[in-house]
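Only one structure is covered here, and it is reproduced in the block below.
Within every chain, numbering begins at 1; the chains are lettered A, B, ... in the order of the sequence lines, protein sequences first and strands thereafter. If you're wondering where the values come from, they're calculated on a predicted model, not measured in any experiment.
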2 protein chains.
Amino acid sequence: MRYSIDHKSPVPLHAQAETLLRKLIAEEDYQNGKNLPNEVELAKKLAISRTTLRQAINKLVFEGLLVRKKRAGTKVAQAAVSSKSNNWLSFSQEMKLRGIPIKNFELQVSQVFPSEEVARFFEIKTDRQVLKLERVRGKPNEPFVYFVSYFHPRVGLTGEEDFKKPLYELLENEHSVIATLSKEEISAKAADLFIADKLKIAVGSPVLFRKRYVFDHGERPIEYNLGYYKADSFIYTVESTR
Amino acid sequence: MRYSIDHKSPVPLHAQAETLLRKLIAEEDYQNGKNLPNEVELAKKLAISRTTLRQAINKLVFEGLLVRKKRAGTKVAQAAVSSKSNNWLSFSQEMKLRGIPIKNFELQVSQVFPSEEVARFFEIKTDRQVLKLERVRGKPNEPFVYFVSYFHPRVGLTGEEDFKKPLYELLENEHSVIATLSKEEISAKAADLFIADKLKIAVGSPVLFRKRYVFDHGERPIEYNLGYYKADSFIYTVESTR
DNA sequence: TATGTTATAATGTACAAACATAATATTAAT
DNA sequence: ATTAATATTATGTTTGTACATTATAACATA
C-alpha cells in the first residue's frame with residue numbers, strides 16, 4: 001500500500017481515510033473500473049476499524065464518487081460528471097472534485113467574427129472580432145467533452161492566458177470578471193462528423209449537448225459556450241421546487 | 001412522540017429514522033430554530049441504537065438540512081438555500097406553452113411489483129404492488145417521448161383515472177397530493193430496441209433520458225418517472241446563479 | 001461587576017462483533 | 001448442455017461500548 005494512516009495525527013482517522021481514498025480513486029486502474037480493495041481487507045491494512053473506513057467510503061458514495069454493490073465490490077463511479085443547478089462549477093472544478101485527472105487536448109485560441117447568434121447575445125456587430133476558445137477534455141485517449149467558448153470583448157482576454165487554469169478562476173483573478181448567472185439549454189444530439197472525430201466516437205452516436213449563456217452580476221453577457229458530452233460521461237442533475 | 005419505528009419492517013431502521021426526521025424537520029417549532037431532541041434521548045425513544053440514528057442524521061446533515069454543534073445540539077439549517085424556483089411543469093403544460101398540441105398513444109396502466117430502486121425510493125417492500133403508468137406522447141404519427149411512471153400506493157391512484165388530464169392537476173384535484181419537489185437526472189443515451197420501437201426511431205439513435213424523483217411538501221416520495229425524449233424534441237433549460 | 005474556573009451536556013470519534021442480503025461462482029442434477 | 005441448488009464473498013444493517021472534544025452554563029474568585 002502506497003498510502004498509510006497516522007494514528008498519532010490529530011486528524012480523525014476517518015478523515016485521513018477519506019483523503020487516502022480520494023488519492024486511490026485518482027489512480028488509473030481504479031478509474032478504469034477496477035475494484036477498490038474490499039472493506040475488510042483495506043481496514044486491516046490501514047489498521048483502522050471497518051466502521052471507521054466505512055464512514056469515509058460512505059461519504060464518497062454520497063458524493064457520487066464511488067458506487068458499491070453487494071458481492072460485486074466498490075468501484076469508481078463511471079457516469080463521471082454531474083452538475084448541480086445551484087452553485088455551478090466549471091468543468092475542471094467538477095472533475096477535480098471527483099478526483100478525475102483531466103487533460104486538455106487540442107486547445108486552440110483564435111480571433112473570429114461572431115455568428116449571428118453570438119453577435120446578438122453579445123450585442124455587438126458581426127464585424128467585431130471575438131475570442132474563440134476550443135478544447136477537447138477528458139482522460140488521455142478518452143476524450144469526453146468538446147467545448148467551444150466565445151468571450152465578449154469587454155472581458156479583455158488576449159488569448160495569451162493560460163487556459164489550463166480553471167476558467168472562472170482565470171476570469172476572476174486576472175480580468176476581474178465575475179460570472180454569476182448562467183442560462184443553459186440541454187438536449188440530446190447525434191454526433192456529426194466533426195464532433196465524432198473530436199470525441200473519437202462513431203458518427204450518429206448520442207451526445208449530450210449543452211448551450212450555456214454566462215452573465216456577470218450586472219447581467220451583462222460574458223461568455224457563450226457550447227459543450228458536446230459523450231453519452232454517459234455526463235449526467236445533469238437538477239433539483240427544483242414549486 | 002408522534003412518530004415511531006417499526007422494528008419488524010424490512011425497511012432498514014436508519015431509513016425509517018431518516019424519514020421520521022424529515023417529518024420532524026417539517027414541524028413548525030423546529031423550523032423556527034428549536035433544537036431537535038438530542039441523539040441519545042431520541043435513540044432511546046425510538047428504541048434504536050445511537051449509531052443507527054446517527055446514520056440517518058448524518059445523511060440529512062450532508063444534504064444540508066440539519067446543522068449540528070457540539071453541546072449546542074442539532075437544528076434545522078436556516079438560510080435555506082432557495083434553489084432557484086425553476087417552477088417545473090408537467091409535460092403537457094410544457095408543450096402547451098410551446099403551442100404544440102399533444103396526443104397520448106399506447107397509454108397503459110398496470111399494477112406491478114416494484115424494482116429494488118423503486119421500492120427503495122418509495123420505502124416499501126418489493127412484494128407490495130405499485131401503479132405503473134406508461135405512455136407515448138407526441139403529435140399523431142410522430143411520437144416524441146416515452147414515459148414510465150410509478151406511483152406510491154399512498155397516492156391512492158386506482159388506475160381508473162383519466163390520465164389524459166395533466167398529471168399534477170389530477171393528483172392535486174382528485175387525490176389531494178401536491179407535488180412540490182423534484183430531483184432530476186438528465187443524460188444522453190442511445191435508444192435500445194424497446195425505446196426505438198416506441199419512438200419510431202432507429203436503434204442507437206440519441207435520446208435524452210430523464211429520471212425524475214417527485215416528492216410532496218413533506219418530502220415524501222410520490223412518483224418515480226423515467227422519460228425518453230427523441231433528440232431535439234426536447235430542450236431542457238436551467239438558470240442558475242452563484 | 002467582571003473575569004476566570006469548573007462542571008455538564010451535547011456531538012464527535014472509534015472499536016469490536018454479529019448477522020442479513022445480494023450477486024456471483026461453483027457444483028450437482030436433470 | 002442447460003438448469004437448479006449451493007457455497008462464497010462482498011457490502012448492508014445494527015448493536016453496545018468507551019472515551020474525546022467543545023460550547024455553554026454554573027460557579028467561584030478578585
For D:dT15, does OP1 or OP2 lie under 4.0 Å from any side-chain N or O of B:R50?
no
With DNA chain D as reference, determine whether A:V40 or B:L53 sits nearer its 5' end, using the nearest nucleotide of each.
A:V40
Counting side-chain heavy atoms from CB outward, which of C:dC15, C:dA22, D:dT13 is closest to A:K70?
C:dA22
From C:dT13, D:dT14, C:dA14, nucleotide with atom closest to B:R54 side chain
C:dT13
For residues B:Y224 and B:R212, is any side-chain donor paired with an opposing acceptor at under 3.5 Å?
no
Any donor-acceptor pair under 3.5 Å linking the side-chain atoms of B:E160 with those of B:T158?
no
Between A:I25 and A:Y30, is any pair of side-chain heavy atoms under 4.5 Å apart?
no
Does the side chain of B:S49 get closer than 4.0 angstrom to OP1 or OP2 of D:dT14 through an N or O atom?
no
When the aromatic ring centroids of B:Y213 and B:F121 are compared, is their separation below 6.0 Å?
yes
How many whole angstroms separate atom NZ of B:K69 from atom P of D:dA25?
12 Å
Write down the distance between CG (B:L46) and P (D:dT14), rounded to a whole number of angstrom.
13 Å
Just the rounded figure in Å: distance from P of C:dA23 to CG of A:N38.
18 Å
Give the rounded distance in Å between these two atoms: NZ of A:K75 and C1' of D:dT11.
14 Å
Would B:K230 pass as a cation-pi partner of B:F144, given that its NZ or CZ must be under 6.0 Å from the six-membered ring centre and within 45 degrees of the axis?
no
Rounded distance in Å - CG (B:L13) to P (D:dG16)
11 Å
Determine the contact category for B:T51: base if any of its heavy atoms lies under 4.0 Å from a base atom, sugar-phosphate if only primed atoms, P, OP1 or OP2 are that close, otherwise nothing.
base
Let's test your reading of the model: under 3.5 Å, does the base of D:dG12 pair with the side chain of A:R71 as donor and acceptor?
no
Euclidean distance, atom CG of residue B:N58 to atom P of C:dA10 [Å, nearest integer]
18 Å
Comparing nearest nucleotides in DNA chain C, the 5'-proximal residue of the pair A:A72, A:H7 is A:H7
For atom CD of B:Q55 and atom C1' of D:dT11, their distance in whole Å
13 Å
Whole Å only: how far is the CZ atom of A:R68 from the C1' atom of D:dT9?
13 Å
Is any side-chain N or O of A:T74 closer than 4.0 Å to OP1 or OP2 of D:dT11?
yes
